[in-house]
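We name chains A, B, ... by the order of the sequence lines, and we start the count at 1 in each one. Every value quoted in this text rests on a predicted model; they were computed, and no experiment measured them.
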There are 2 protein chains.
Amino acid sequence: MLSKKTKYGLKALTYIVRNASDVPVQVGAIAKGEQIPQKFLESILLTLRKAGILGSKKGKYGGYYLRKQPSEILMTEVMRVLEGPIAMVPCVSLNFYEKCHDCPDEVSCSVHKLMIQVRDSTLNVFKNTTLADLSSN
Amino acid sequence: MLSKKTKYGLKALTYIVRNASDVPVQVGAIAKGEQIPQKFLESILLTLRKAGILGSKKGKYGGYYLRKQPSEILMTEVMRVLEGPIAMVPCVSLNFYEKCHDCPDEVSCSVHKLMIQVRDSTLNVFKNTTLADLSSN
DNA sequence: GTATTTCCTATTAAATCGATAGGATTAATA
DNA sequence: TATTAATCCTATCGATTTAATAGGAAATAC
């Protein structure tokens, strides 16, 4: 299941793309426009800022803005920041690899083989989709 | 994340394929061979039996066996029984569809579009993989 | 009839998720 | 400089889900 965090994060990002102007987009506006609990959204945008995807400005007329062009923000990056590993098991994760201890041998593991295929096919979608694609109608 | 339930279930199924004979395969043997807590495994195999994937025999020399040929058991079926929906959000699920209430319009939802692509690519893997594929070395 | 195995229900401990609370920090502007 | 408005930060909480365990009922081989 996609977490609410990720879902809200994606919606917020597209909202920012669609409402970008010379002043940053405020959390309150996004929360209202996308039906997201504001305090929850605050923490999500903070995560995206710390990951370098968003920039922010404090104080009056402050808010959030994109650090890169929408067409340069890949879903691989966004999903890893918000949702964590793209792979369904740590032992096939490219960015969050972990050996699984209940598995004597990865190569012969049936689950391993299947999950590599799932990872690759999902990865293929994410690396060919940018925030610009998401934001277009 | 893939649940332990699904992981154990897949391992158990391949164990049954690899150790099939004229007598059913016992839970204890699978648990030992695949390092799975036996009581937990019992409930998983019960789920697979109720779904029609496994058959069972009670009492001495009882155990579990496949109801179909390994090559006829698709991962789509197994995954839906063990893990539930293949889609990451209910609003793009083929077998477990649910409207999402925080979304005024599915067609224009950016998350929706992306998740349909992920669903289709994952589905493509599962429908082209059988238990026989998993069980071969 | 006894041992062995699956079947069934209930419970529990731990982890995760979604959300909230309350205030600290920063910046615009009157 | 005081006020207002926004992000920033930490902590916490309740609900849900997950992984696992417990205990015994039902069926079957011998």
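Proximity of Arg49(A) to the phosphate of dT7(D): no side-chain N or O atom is located under 4.0 Å from OP1 or OP2. Taking side-chain N and O atoms only, Lys50(A) has a distance below 4.0 Å to OP1 or OP2 of dC9(D). Ser56(B) has a side-chain polar atom (N or O) that falls below the 4.0 Å cut-off from OP1 or OP2 of dC7(C). Checking the phosphate oxygens (OP1, OP2) of dA6(D), no side-chain nitrogen or oxygen of Tyr64(A) falls inside 4.0 Å. When the side-chain nitrogen and oxygen atoms of Lys58(A) are compared with OP1 and OP2 of dA24(C), none of them lie within a distance under 4.0 Å. A sub-4.0 Å separation between OP1 or OP2 of dA30(C) and a side-chain N or O of Lys60(A) is absent.
At whole-Å resolution of the value, CD in Gln35(B) and P in dA20(D) are 13 Å apart. At whole-Å resolution of the value, CD1 in Ile36(A) and P in dT20(C) are 13 Å apart. What separates NZ of Lys57(B) from C1' of dT4(C) is a distance of 12 Å, to the nearest Å. Rounded to whole Å, atom C1' of dA19(C) lies 12 Å from atom CG of Leu41(A). Put simply, CE on Met1(A) is 12 Å from C1' on dT16(D), counting in whole angstrom units. Atom P of nucleotide dC8(D) and atom CD1 of Ile44(A) are separated by 14 Å, given to the nearest angstrom. When rounded to the nearest whole Å, the span between OH of Tyr65(B) and P of dT6(C) equals 12 Å. Rounded to a whole Å, the OH atom of Tyr8(B) is 14 Å from the P atom of dT18(D).
The shortest heavy-atom contact between Ser136(B) and Asp133(B) is OG-O, 3.0 Å. Arg67(A) and Gly55(A) get closest at one heavy-atom pair: CG-N, 3.5 Å.
Checking Glu42(A) against Lys4(A), the closest nucleotide of DNA chain C that is more toward the 5' end is the one next to Lys4(A). Where Gln26(B) and Gly59(A) each meet DNA chain C at their nearest nucleotide, the meeting point lying more 5' is that of Gln26(B).
A donor-acceptor pair shorter than 3.5 Å cannot be found between the side chains of Ser93(B) and Glu98(B).
The residue Gly63(A) sits close only to the backbone: its heavy atoms come under 4.0 Å of sugar-phosphate atoms, none of a base. Using a 4.0 Å heavy-atom criterion, one finds that Tyr61(B) contacts the sugar-phosphate atoms exclusively.
Put simply, the side chain of Val111(B) reaches to within 4.5 Å of the side chain of Leu2(A), judged on heavy atoms. Between Leu82(A) and Leu48(A) the shortest side-chain heavy-atom distance falls below 4.5 Å.
A donor-acceptor contact under 3.5 Å links the side chain of Lys39(B) to the base of dG23(D).
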